[in-house]
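Lettering of chains follows the sequences in order, A, B, ..., and the numbering in each one begins at 1. Computation of the quantities below employed the complete heavy-atom set of this structure, encompassing side-chain atoms and omitting hydrogens, waters and symmetry-equivalent molecules.
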There are 2 protein chains.
Amino acid sequence: MSTNSHEASKSEKSIDRVYNYVKYYIKENTFSPSVRDICKGAGLKSTSSVHTYLKKLDEMGLIEYRPGMRRAIIIKNQDDEAQDPTPADVVKLPCIGKITAGQPIYAHEDYSDSFYVNRSIIGSNECFLLKVSGTSMINAHIMDGDYLIVRKQSSCQEGDIVAALINDEATVKRFGKMNGVPYLFPENDMYSPIPFNTEDCRILGKVIGLHRYSIY
Amino acid sequence: MSTNSHEASKSEKSIDRVYNYVKYYIKENTFSPSVRDICKGAGLKSTSSVHTYLKKLDEMGLIEYRPGMRRAIIIKNQDDEAQDPTPADVVKLPCIGKITAGQPIYAHEDYSDSFYVNRSIIGSNECFLLKVSGTSMINAHIMDGDYLIVRKQSSCQEGDIVAALINDEATVKRFGKMNGVPYLFPENDMYSPIPFNTEDCRILGKVIGLHRYSIY
DNA sequence: TCCAAATAAGAACAAGTGTTTGACAAAAGC
DNA sequence: GCTTTTGTCAAACACTTGTTCTTATTTGGA
């Protein structure tokens, strides 16, 4: 972004002003400016110019500019200060209800169901909760109604109990192999192993914990 | 807004979900969700419903909702909860290692092995944790190494899973009766029921939750 | 059981906003 | 001086999204 010691060209000045104004605006308002807001703020009279610079800034990796989304600019490289003062001891995790393929995990979930989990359990990993429905893992002592703590990851090892997406449906199974072929094994004699083919199946994460609040 | 004191009405649930989802979304993405995003997140199918709730939330002073502006919701009063995990939401419970008869339960506890549990689980009751050792309750899907959340109480009902003191030793069993005589039943065919006589036995509390952090 | 109020849904509309296209002027290169 | 490149602008277009209106559905109480 910086040039030599000589003066910045006109375009550099503009792109700089755009960048700075976006940062300033977000800091002031919490939300992003629109392209037209930036016009005013950066002294440009055409939305198209601003648009061009925003795309450039995105390419440079300074911002994240989602195509088509209004007021959705994200300033990057803020890691240093942006860190939430998340209390060290405890983390609030959302509970995923339904998961749709293709969408990021958190996309559609019903957020209402969530609770705190000890930080020591999940460390710095990204995790979510999954409420068990059914008894397909009963032999692993995972019961209907249990909440599973799932550490997000897209791969796993043999023997891991994983949360997986099978044809848009989220389930919990044990990952393993039979004759070298990967399967998702239920832990219940009433159910059959499911061949793991990368087309219909996707690993969401590994189960690292379990909370049960219905004891019978 | 409130109906009876015990249960939230449907509307409260929805407005709550909207509010929570907005908070969650902004935390995740930096920018606000659109009305249609909130629809998905809060499980509502009409933008108009969401719009109504957003206006209400604005009136309540919980958010700032600018008419006509896209993705420009501001969460207010973040100071309160953004800090520590609202102490009200979470409670630190001690894990009891050894318990000695006659001593109050908390007497010897070693706070080193303690962790946070959601307030919603235990309410205003006095609780403690008990780490399971052994497999005597395996048929109830309680495994070696599990942490049990025990609500302190000195009596219990038939069928309850309880923490009890038998000759100075703390164990977990299911309380029940056989031919009218009270017993403590292990949930494992390898063990025998223990007659419950008030001289050697004492109920410490009822198991109301379970945390497992060793998944195999 | 029935009616009224509260919720939610669905559709249609209107406005804000991102994106594209083309044009023009200034600057840079030859 | 002429061409090319760069920066800017203006306008038009298309999509996202906020808003409103109407109609169904549910809820709660008489």
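Using a 30° and 60° split on the angle between ring planes, His211(B) and Tyr213(B) fall in the perpendicular class, above 60°.
The backbone N or O of Gln157(B) sits less than 3.5 Å from a side-chain atom of Asp160(B), completing a donor-acceptor pair. Using modelled atom types, one side-chain atom of Asn125(A) and one backbone atom of Ile122(A) make a donor-acceptor pair closer than 3.5 Å.
Scored by the ring-ring contact (aromatic ring centres under 6.0 Å, His included) test, His141(B) finds His141(A) as partners (sequence neighbours excluded).
We find that CD1 of Ile38(B) is positioned 17 Å from P of dT16(D), with the value rounded to whole Å.
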* Asked: What does nucleotides 17-24 of chain C look like as a protein-contact string, B for base, S for sugar-phosphate only, - for none, at under 4.0 angstrom between heavy atoms?
  -> BBBBB---

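A pairwise comparison of heavy atoms in Ile38(B) and Pro33(B) identifies CG1-CG, 3.7 Å as the closest pair.
Among the atoms of the strands shown, only primed sugar atoms or phosphate atoms (P, OP1, OP2) are found under 4.0 Å from some heavy atom of Leu44(B).
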